[in-house]
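As structure tokens, the structure follows; a few thoughts come after it.
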Amino acid sequence: MVTVAIYKPIELISWNNLKLNDLSYEIVKLDKNQAKVKFKFIIQSEQNTTVEINFNQKKITQKLTKGINYFSIDETIQNPKLWWPNGMGEQYLYDYQFKIRQGNEQVSKHLKFGLRTIELVQEKDNVGSSFYFKVNGIPTYMKGANYIPQDNFVSRVSKNDYEKLINSSVEANMNMIRIWGGGIYEDDYFYELCDEKGLLVWQDFMYACAFYPGDQDFLNNVKQETIDQVNRLKNHTSIALWCGNNEIDEAWHNWGYQKQMGWSKQDSLSIWKDYQTTFHHIIPNVLDSILSKSENRYWPSSPSIGWGRKESLTQGDSHYWGVWWGMEPFETYEKKVPRFASEYGFQGMPTLETVKSMFSEKDTLSKNSVTILVHQKHPKGWETINEYMQLDYAIPTDFVQYNYVSQLLQARGTQIGIEAHRRAKPYNMGSLYWQLNDVWPVTSWASLDKLGNWKALHYQVKRSFENVLISVEKEENVYKIYIINDLLKDLKGKVKFSIIDFNGNKRWTNDKDVIISSNSSTKILELSNEVLKGTSSIKSFLRIEFESNREKYSSNYFFEKPKDLALTKPTIKIKKISSNQIEISTNVLAKDVYLLDGNNQFDDNFFDLIPNETRIINGEKAIQNLKIYSLYETMNAENQ
């Protein structure tokens, strides 16, 4: 089906004597006492005249000459309220209404903006070069995902769809979204929500994975597209970075196009010259002409170096696809940590309700059905999923269980990547996985499926992106325990360590007083295999609990892969508290508890339930036909 057309509203704009061509702002100075803001006007006048500008209970007169007029107005804000990314503070937005009058004619415009500073810091060090963002002067760890269009037919996306997606991102503790260069420049409402919710935007220009023409007509088009989009988006507080393209530099150096296409040396020189004209001249020159120096953050291509080269881990941003495309094990993420991970990921099936939406009612759900097979973008997707699944899980034959385990597999792989990145802070200062959402019901890398349902990955991302994270790294026979603290305050408290068997018995305990510095990753303890004396690595897990200022944080670490755990059948009890709230408990460890109730979304899911502890779980709506799965059922053939 053709997806190329005019899909946005068409307007016929008329005016008499006055037209406001542009209104923007520049933060000239910002500290805790005072902000100085410059409002910049471009007004088209059909005559020499004087206008009255009203804003913020102020009235200013301005002379205009016939034609285009450029002028500015300075504004001082005392005791300014800063705008912060999600998880760091308030997203305060100043709302200015400008009314420009000339006789009986008036034009008006809202300008809603936050006061903040953003810097992209690239400084050479003894390894390579840093790549991180400072927000309001503070090095900020970026947690988020890559965003693609929400529908193959983009005009079908509603405001409700945008709200649901952005809210799901915020709830998962994200503070950055990368708008991928193979999609579209998003609707204004998308950026407005990012401003309001504290999601910084890494904005690719819409060029991806291919080489573009270099004739003058096309280059003029590139220039005008850049001018239009930068002018449209420049006032959004959420814009953190302008990026020239997705993976074109890497494609040129790593993908072998020159050989595949049979290009001559002259062809290659011409194509590369066209690339440099677009991404190293036209786009940055437009940015220079429109944006102030403090807002002009440009990165020519993401990634800067292909994932097969060692330099991709020591400088710039990285798309690490050794896992999945390279078929390397998940544990590779712990060895291949870049300065900023802007793409990496693994596939999993969509939720069961979304899978059902692919089928007609009479069809039987089956992994081998033609319907399932065609709803898979990658030519070797199922083969890849199965190869990885057999390494970590028992592969179920039952379709529902396979769907469940494929989601667990995706969540496990991405968790290993995220936590390896965060433990390496400040060497690594960003983790944006591929991908956030889908354009259709499909088995893919997304954490939110086409219906907006949370897959197991999204629940895991919510946990792995928390401001305070407890994480364990195994190195030979040593377990290194870290606390990552993204808060802007030190945390002082006690950490309790326990080895607990699957029946709930504590086999070893210890505790330690700690102080975790603000905005840091701190190794607090190393444990050897000695702690497992008296129990077995396949029958127990490490429970870590940290309490500071009455806030509690916890984590469970399993010593072996899921398929090797000696799980026993749990008796899971459910007590209904209200129509959409339950209390859940178990007699023995219930690993990866999956609550399934149609399209109902829970505040937590795919979680470990510890013996003799209760949890309160809330549904988005009334819980009606609840089904419960745990990993035990998938590992025992008689239950399949």
Side-chain angles (χ1 to χ4, degrees), residues 145-146 148 150 152 168 172 323-325 327 330 344-360 363-417 433-462 562-563 591-602 605-607 627-631 633-635 640:
N146 287 258
I148 66 173
Q150 293 186 59
N152 278 320
S168 290
V323 175
W324 183 264
W325 287 97
M327 298 299 293
F330 290 149
Y344 62 97
F346 195 87
Q347 278 197 356
M349 292 188 77
T351 62
L352 197 61
E353 286 301 304
T354 300
V355 171
K356 289 177 180 177
S357 75
M358 304 175 188
F359 290 81
S360 62
D363 290 327
T364 302
L365 295 180
S366 167
K367 184 168 71 73
N368 298 317
S369 76
V370 173
T371 300
I372 288 290
L373 294 176
V374 299
H375 285 73
Q376 161 63 269
K377 177 182 181 292
H378 194 282
K380 293 186 177 180
W382 289 114
E383 179 184 328
T384 303
I385 290 171
N386 285 331
E387 284 197 36
Y388 276 90
M389 191 180 289
Q390 69 181 355
L391 293 175
D392 285 5
Y393 293 89
I395 301 180
T397 55
D398 175 79
F399 181 84
V400 174
Q401 291 187 11
Y402 186 91
N403 172 276
Y404 159 57
V405 173
S406 83
Q407 292 187 59
L408 292 181
L409 179 70
Q410 180 189 29
R412 174 176 166 80
T414 311
Q415 177 190 6
I416 291 172
Y433 65 89
W434 181 268
Q435 66 206 57
L436 179 60
N437 59 305
D438 275 327
V439 296
W440 69 316
V442 62
T443 296
S444 81
W445 300 264
S447 61
L448 298 172
D449 67 27
K450 179 60 181 78
L451 298 184
N453 296 322
W454 289 31
K455 295 162 64 171
L457 172 56
H458 209 78
Y459 286 101
Q460 183 55 56
V461 164
K462 180 181 178 181
K563 70 174 184 179
K591 185 92 177 76
D592 299 315
V593 173
Y594 176 29
L595 304 176
L596 182 59
D597 180 35
N599 242 1
N600 203 353
Q601 184 175 302
F602 298 93
N605 211 342
F606 302 92
F607 53 82
K627 295 179 181 177
I628 303 174
Y629 296 88
S630 74
L631 193 61
E633 283 80 29
T634 71
M635 298 169 68
Q640 290 184 17

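We use all heavy atoms of the structure for the numbers below, so side chains are in, but hydrogens, waters and symmetry mates are not.
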When you measure from the side chain of [X] to the backbone of [Y], do you find a donor-acceptor pair of N or O atoms at a distance under 3.5 Å?
| X | Y | answer |
| --- | --- | --- |
| N605 | Y459 | no |
| N437 | D449 | no |
| K455 | G348 | yes |
| Q460 | T414 | no |
| Q347 | Q376 | no |
| D438 | P441 | no |
| Q407 | A456 | yes |

With a 3.5 Å cut-off and no angle check, do the side chains of [X] and [Y] form a donor-acceptor pair?
| X | Y | value |
| --- | --- | --- |
| W454 | S447 | no |
| W445 | Q435 | no |
| T354 | T351 | yes |

Which heavy atom of L595 sits nearest a heavy atom of I628, and at what distance? CD2-CG1, 4.0 Å
Counterpart residues, ring-ring contact (aromatic ring centres under 6.0 Å, His included), relative to W382 (two or more places apart): none
Can you name the ring-ring contact (aromatic ring centres under 6.0 Å, His included) partners of Y404, sequence neighbours left out? Y594
Verify whether the ring centers belonging to Y388 and F346 lie closer than 6.0 Å. yes
Do R412 and D392 sit within salt-bridge range, that is, some charged N less than 4.0 Å from a carboxylate O? yes
Measure from NZ or CZ of K367 to the centre of the six-membered ring of Y402 and say whether it is under 6.0 Å with the direction within 45° of the ring axis. yes
Do the non-hydrogen side-chain atoms of H378 and K380 ever get within less than 4.5 Å of each other? yes
Heavy-atom distance under 4.5 Å between the side chains of P350 and T443, does that happen here? yes
